[in-house]
Number of protein chains: 2
Amino acid sequence: MEHKALSLSDFDLRPTPCRMEVLGLLQSHDYALSQGDIEHQLSSQFDRVTVYRTLKSFLSQGLIHKVLDDIGGIKYALCKELCHQGGHAHQHDHVHFKCDQCGQTTCLELVHIPSISLPENFTKKESNLLIQGVCNLCNQV
Amino acid sequence: MEHKALSLSDFDLRPTPCRMEVLGLLQSHDYALSQGDIEHQLSSQFDRVTVYRTLKSFLSQGLIHKVLDDIGGIKYALCKELCHQGGHAHQHDHVHFKCDQCGQTTCLELVHIPSISLPENFTKKESNLLIQGVCNLCNQV
DNA sequence: CTTGGTGCAAAGGGTTTGCAACTTA
DNA sequence: TAAGTTGCAAACCCTTTGCACCAAG
């Protein structure tokens, strides 16, 4: 995992203790974390609400993106430079993979969602592809 | 929408009033419904819990399948014959489309999820593709 | 009679909101 | 000082569970 120095102030976010810790957590994992994961893994105890608000502000500033976990579930992952490339605001056309065994949800940054030809008159704005199965690590056992 | 006579007893489900109404609702819509949609659209008032249990039994009998709504959201739609084809239990490799304008989530039965080549040692069991945008009806305006 | 379905109440989990206190630019 | 951030409490979903009652095979 690349640990390039992401700075909160670059995203118009005050570098508060909670934000720095949450950012650190997200940077130190190469898979997506749920709100609960984050809340429990923080070394300092921050209020649950603060974590929610932290994630919300990260989202609105484009620092992280939502990741489909299972059907119905949500996790969060850092946006890579790829997300910020291109003219349009944000690109998240990569595939998300959830491992049924270890439960980890990873962004397959290099696997892109193929373009789908939709029926007549349907226009696409965004797409999310979640693949469930067994990940590389669990398959090695 | 095809109204072919789906029989609850074919799915080992007793044809109770609640189940018949819920099935009727699902049959009369060509888009997926959430638990709340169903609860509110039932002509007779059934307990919320009963609707939940009805959906759960429909799911376990393979009469309906879960549909990704937004990220984090769940709706339900009838399984078509396509689902029951093939050797394996169930196939839901079609694309789901959520319209940002009318809010309807439809099963694009004919649009299949393309096979994705995963990185080394990843094995796929299931996949879900949700496309958000504007549907054919809303685009005609 | 025995199984399964329903309703009601309650509990549980996740998320949001209001407000007062605090921090910091 | 003014704006942004936090903690606490409470409110809101949405969903599940326990239990007693009812209905149907």
Side-chain angles (χ1 to χ4, degrees), chain A residues 6-26 32-77 98 103 105, chain B residues 6-26 32-77 98 103 105:
Chain A
L6 271 178
S7 130
L8 286 168
S9 31
D10 287 349
F11 289 86
D12 289 317
L13 293 164
R14 282 199 206 165
T16 68
C18 180
R19 288 176 177 173
M20 292 192 292
E21 275 212 39
V22 172
L23 178 56
L25 262 186
L26 290 168
L33 298 175
S34 69
Q35 187 279 335
D37 294 336
I38 293 170
E39 185 187 338
H40 299 314
Q41 292 182 30
L42 286 172
S43 46
S44 326
Q45 285 296 75
F46 290 99
D47 193 273
R48 166 172 311 205
V49 175
T50 305
V51 176
Y52 276 110
R53 289 197 268 230
T54 298
L55 290 172
K56 182 174 279 188
S57 54
F58 281 13
L59 277 175
S60 70
Q61 295 308 112
L63 185 51
I64 61 176
H65 63 279
K66 286 189 181 184
V67 174
L68 273 175
D69 189 29
D70 263 327
I71 274 200
I74 305 180
K75 290 186 173 173
Y76 304 89
K98 157 113 183 195
T105 305
Chain B
L6 269 178
S7 131
L8 286 168
S9 31
D10 288 348
F11 288 87
D12 289 315
L13 292 164
R14 282 198 207 166
T16 68
C18 180
R19 288 177 178 172
M20 291 192 292
E21 273 211 42
V22 172
L23 177 57
L25 263 186
L26 289 169
L33 298 174
S34 70
Q35 187 280 336
D37 295 336
I38 294 172
E39 185 187 339
H40 298 314
Q41 291 183 29
L42 287 171
S43 45
S44 326
Q45 284 295 73
F46 291 99
D47 193 273
R48 166 173 311 207
V49 175
T50 305
V51 176
Y52 276 111
R53 288 196 269 232
T54 298
L55 290 172
K56 183 174 278 189
S57 53
F58 281 13
L59 277 175
S60 68
Q61 294 309 112
L63 185 51
I64 62 176
H65 64 280
K66 286 188 180 184
V67 174
L68 275 175
D69 189 28
D70 262 326
I71 274 200
I74 303 180
K75 290 186 174 174
Y76 303 90
K98 159 114 183 193
T105 305

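Residue numbers begin at 1 in each chain, while the letters A, B, ... track the order of the sequences. Quantities reported herein were computed from a predicted structural model and do not represent experimental measurements.
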Which residues in residues 33-41 of chain B have at least one heavy atom lying under 4.0 Å from any atom of DNA chain C?
none
To the nearest Å, how far apart are A/Leu8 CG and D/dG4 P?
16 Å
State whether the side chain of A/Arg48 and the backbone N or O of A/Glu39 hold a donor-acceptor pair below 3.5 Å, judged by distance alone.
no
May I have the distance from A/Asp12 (atom CG) to D/dT5 (atom P), rounded to whole angstrom?
10 Å
In whole angstroms, how far is the P atom of D/dT6 from the CD atom of A/Glu21?
12 Å
Take atom CG of B/Asp47 and atom P of D/dC19, then tell me their distance rounded to the nearest Å.
17 Å
Taking OP1 and OP2 of D/dA23, is either one under 4.0 Å from a side-chain nitrogen or oxygen of B/Thr16?
no
Taking atom C1' of D/dG4 as reference, at what distance in whole Å does atom CZ of A/Arg53 sit?
11 Å
4.5 Å side-chain heavy-atom contact, B/Ser57 and B/Arg19:
yes
Atom-to-atom span, CG of A/Leu23 to P of D/dT5 - whole angstrom:
15 Å
Do B/Leu59 and B/Tyr76 come within less than 4.5 Å of each other through their side chains, counting heavy atoms only?
yes
Distance in angstrom units between A/Arg48 CZ and D/dA9 P, rounded:
14 Å
Tell me, please, the opening and closing nucleotides of DNA chain C, 5' to 3', among those with an atom under 4.0 angstrom from a non-hydrogen atom of chain B.
C/dT3 to C/dA9
Non-hydrogen atoms of B/Leu8 and B/Arg14 that approach each other most closely:
CD1-O, 4.3 Å
With rounding to the nearest 0.5 angstrom, report the CG to NZ distance, B/Asp70 to B/Lys98.
4.0 Å
Of all heavy-atom pairs between B/Glu21 and B/Ser43, which one has the smallest distance, and what is that distance?
OE1-OG, 3.0 Å
Would you mind classifying the nucleic acid contact of B/Arg19 as base, sugar-phosphate or nothing, using non-hydrogen atoms under 4.0 angstrom?
sugar-phosphate
Which heavy-atom pair separates B/Leu33 from B/Leu25 by the least distance, and what is that distance?
CD1-O, 4.2 Å
Which heavy atom in B/Leu68 sits nearest to a heavy atom in B/Thr105, and how many Å separate them?
O-CG2, 3.6 Å
Residue mapping more 5' on DNA chain D - nearest nucleotide basis, B/Arg14 or B/Tyr52:
B/Tyr52
I'd like to check A/Thr16 versus A/Thr54 (side-chain heavy atoms, cut-off strictly below 4.5 Å). Are they in contact?
no
